[in-house]
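Following: one structure in structure tokens, then a few remarks.
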Amino acid sequence: MGKISSTNKLKIINDPVYGFIKIPYDIVFDLIEHPLFQRLRRIRQLGLTHYVYPGANHTRFQHAVGAMHLMGLAIDVIRSKGHAIDEEEARAVTIAILLHDIGHGPFSHSLEHSLIRGTSHEEISLMFMEQLNDEFQGGLSRAIAIFTNNYPKKFLHQLVSSQLDMDRLDYLKRDSFFTGVTEGVIGSDRIIKMLNVHNDQLVVEEKGIYSIEKFLIARRLMYWQVYLHRTVVASEQILVMMLKRAQALTHSGTELFATPALTWFLQEHNQVSLELFALLDDNDILTSAKVWCNNSDRVLSMLADGLINRKLFSVELSNRPFRADRVSDIRNQVAEQLSITSGEAEYLVVSDSISNYAYSNMDDRITIMEKGGNIRDIAEASDILNISVLSKNVRKYFLCQPRFIKNKPK
């Protein structure tokens, strides 16, 4: 796998969100054509969210290209305000945002820690970027420095990864577009036009404050209405527990049908195989799950059938953890009705929590630059937002269980 030759690499992509997107550099075209990046076409951006919002079938590929487009707009705006970004830096930061999600596995965040424990998609993205850097003879070195925040101009890293980066600006607008959830619509063009740099830090000019307020509110609404929707949570739990059951069966010596790459990860090796991870996408999981629907193991077949045919669990939400005795009682009921052990019923009755905050007052903050050059945190500058509420980590507890179980909260 090496560079792709072409007489014209400055192509145009027709994107449903932004219209025509130009590929700005030859190396960007080569990276997009690379099998590692093409794999992102086979990974849904929002995991199983299409079980709730049928239009949410867009991919990591589309998101990465969209974020790259916004980066180009941001570079032009910052240059127009007198801040130096040379062509090498522009190319590097464009590559960094293009590849920022290249390490995502099947169904994106849904399986973040199921197939590989203790390794985030950002870490795998970096591994892939370093592999590509070898193939492209050092052409990604500066992009990697920006991605890892080891480049002198810190604002370039903030454009790739911060609370107001091109990643978030694209996924909020794109996810809102494909789900049809209008509460997530943000003025990304307006926000980008208001960007500036002060003391090597990314800032927003004062007249853009209302767009930032809407951005933060939209982010919060999208989390509870889309990303952490109760039915999405239920479908993701079925997916996670199905793979967990498949791993347990594999460890016990049961031979399961699975693609070669998935088989390797079901065996839970101690090290990450980048070569095999690069072969994994949504299709590996779905193909295997279709076969598992008829597996002799009652638990695996039930979970696989739930995933493939959208036979989802019921979900109960609470502001407090569910009582252990109640969860245990439900598991016993499931075990009795299905003639399985209470340990096996743990795959079908899941109690855990989800959390969200729209703005972190601990990370790189969103700063507003007033006309006189004074810098203020958005929490201080906003006169309508209750940032203490937006930055609060809201946690909700959920209880997933098969729908045939009838029980009343205690």
So how far is it from Phe155 CZ to Gln201 CD, rounded to the nearest 0.5 Å?
-> 10.5 Å
State whether a side-chain donor-acceptor pair under 3.5 Å links Arg219 with Tyr171.
-> yes
Compute whether any side-chain donor of one residue and acceptor of the other, for Tyr227 and Asn356, lie under 3.5 angstrom apart.
-> no
Side chains of Gln62 and Gln45: is there a donor and an acceptor less than 3.5 Å apart?
-> no
Exercise: do Glu316 and Tyr397 side chains pair donor with acceptor under 3.5 Å | no
Between the side chains of Glu122 and Ser120, is a donor N or O closer than 3.5 angstrom to an acceptor N or O?
-> yes
Donor-acceptor under 3.5 Å (His121 side chain, Gly103 main chain) | no
Begin from the C-alpha positions of Lys311 and Asp305 and carry the test salt bridge (charged side-chain N to carboxylate O under 4.0 Å, His left out) through to its verdict.
-> CA-CA 7 Å; Lys311 296 178 181 178; Asp305 186 47; 2.8 Å; yes
Positive for side-chain hydrogen bond (donor to acceptor under 3.5 Å, both in side chains) with Arg44, one of Asn57, Thr59, Thr49 | Asn57
For atom CG of Asn319, decide whether the heavy atoms of other residues, nucleotides or ligands shown that lie under 6.0 angstrom number more than 12.
-> no
Does CD belonging to Glu255 count more than 12 external heavy atoms closer than 6.0 Å?
-> no
Counting distance only, does the side-chain N/O of Asp284 pair as donor-acceptor with the main-chain N or O of Asp281 below 3.5 Å?
-> yes
Is the closest side-chain donor-acceptor distance between Gln267 and His251 under 3.5 Å?
-> no
Which distance, rounded to the nearest 0.5 Å, do you find between the OH of Tyr223 and the CG of Leu228?
-> 7.5 Å
NZ on Lys193 to OG on Ser80, rounded to 0.5 Å = 9.5 Å
Verify, without hydrogens or angle tests, whether Asn149 (side chain) and His157 (backbone) share a donor-acceptor contact under 3.5 angstrom.
-> no
Glu89 side, atom CD; Arg79 side, atom CZ - distance, nearest 0.5 Å = 8.5 Å
Counting only heavy atoms not in Lys244, do more than 12 fall under 6.0 Å of its NZ?
-> no
With a 4.5 Å heavy-atom cut-off, do Phe147 and His100 have their side chains touching?
-> yes
Is atom NZ of Lys81 surrounded by more than 12 heavy atoms (other residues, nucleotides or ligands) closer than 6.0 Å?
-> yes
Rounded to the nearest 0.5 Å, the CD atom of Glu130 sits from the OG atom of Ser125 at a distance of 11.0 Å
Flag for Asn196-His83: side-chain donor and acceptor within less than 3.5 Å = yes
Output yes when a side-chain donor or acceptor of Arg39 lies under 3.5 Å from a complementary backbone atom of Leu279, and no otherwise.
-> no
Side chains of Leu169 and Phe215: does their closest heavy-atom pair fall under 4.5 Å?
-> yes
Under 3.5 Å donor-acceptor, Asp165 side chain and Asp167 backbone | yes
Within the side chain of Gln38, is there an N or O that forms a donor-acceptor pair under 3.5 Å with the backbone of Ile32?
-> yes
Do Asn332 and Glu336 get their side chains close enough for a donor-acceptor pair, meaning under 3.5 Å?
-> no
Measure the CD1-CG distance between Ile366 and Leu164 for me, rounded to the nearest 0.5 Å.
-> 5.0 Å
Any donor-acceptor N/O pair, Thr254 side chain to Thr250 backbone, under 3.5 Å = no
Check the surroundings of atom CD in Glu88: do more than 12 heavy atoms from other residues, nucleotides or ligands lie under 6.0 Å from it?
-> yes
Just wondering, do Met68 and Asp170 contact through their side chains at under 4.5 Å, heavy atoms?
-> no
Would a 4.5 Å heavy-atom cut-off, applied to side chains only, mark Met302 and Pro402 as touching?
-> yes
For the pair Ser176 (side chain) and Val181 (backbone), establish whether a donor and an acceptor sit closer than 3.5 Å, ignoring hydrogens and angles.
-> yes
Aromatic ring pairing Phe277/Phe128, orientation class (parallel under 30°, perpendicular over 60°, tilted between) | tilted
Ignoring hydrogens and geometry, is there a side-chain-to-backbone donor-acceptor pair from Lys153 to Ala84 under 3.5 Å?
-> yes
Ser382 side-chain N/O to Ile378 backbone N/O, donor-acceptor pair under 3.5 Å = no
Kindly indicate whether the side chain of Trp264, heavy atoms from C-beta on, has any atom under 4.5 Å from the side chain of Pro260.
-> no
Tell me, do Val232 and Leu48 make a side-chain contact under 4.5 Å, heavy atoms counted?
-> no
Flag yes if more than 12 heavy atoms outside Lys290 fall under 6.0 Å of its NZ atom; otherwise flag no.
-> no
Looking just at side-chain N and O atoms, do Ser108 and Arg60 make a donor-acceptor pair shorter than 3.5 Å?
-> yes
Which heavy-atom pair separates Ala96 from Ala143 by the least distance, and what is that distance?
-> CB-O, 3.7 Å
Tyr51 side chain reached by Arg310 side chain, heavy atoms, under 4.5 Å | yes
If you measure only the distance, is there a donor-acceptor pair under 3.5 Å linking the side chains of Ser353 and Arg395?
-> yes
Check whether the ring centres of His58 and His50 lie less than 6.0 Å apart, and answer yes or no.
-> no
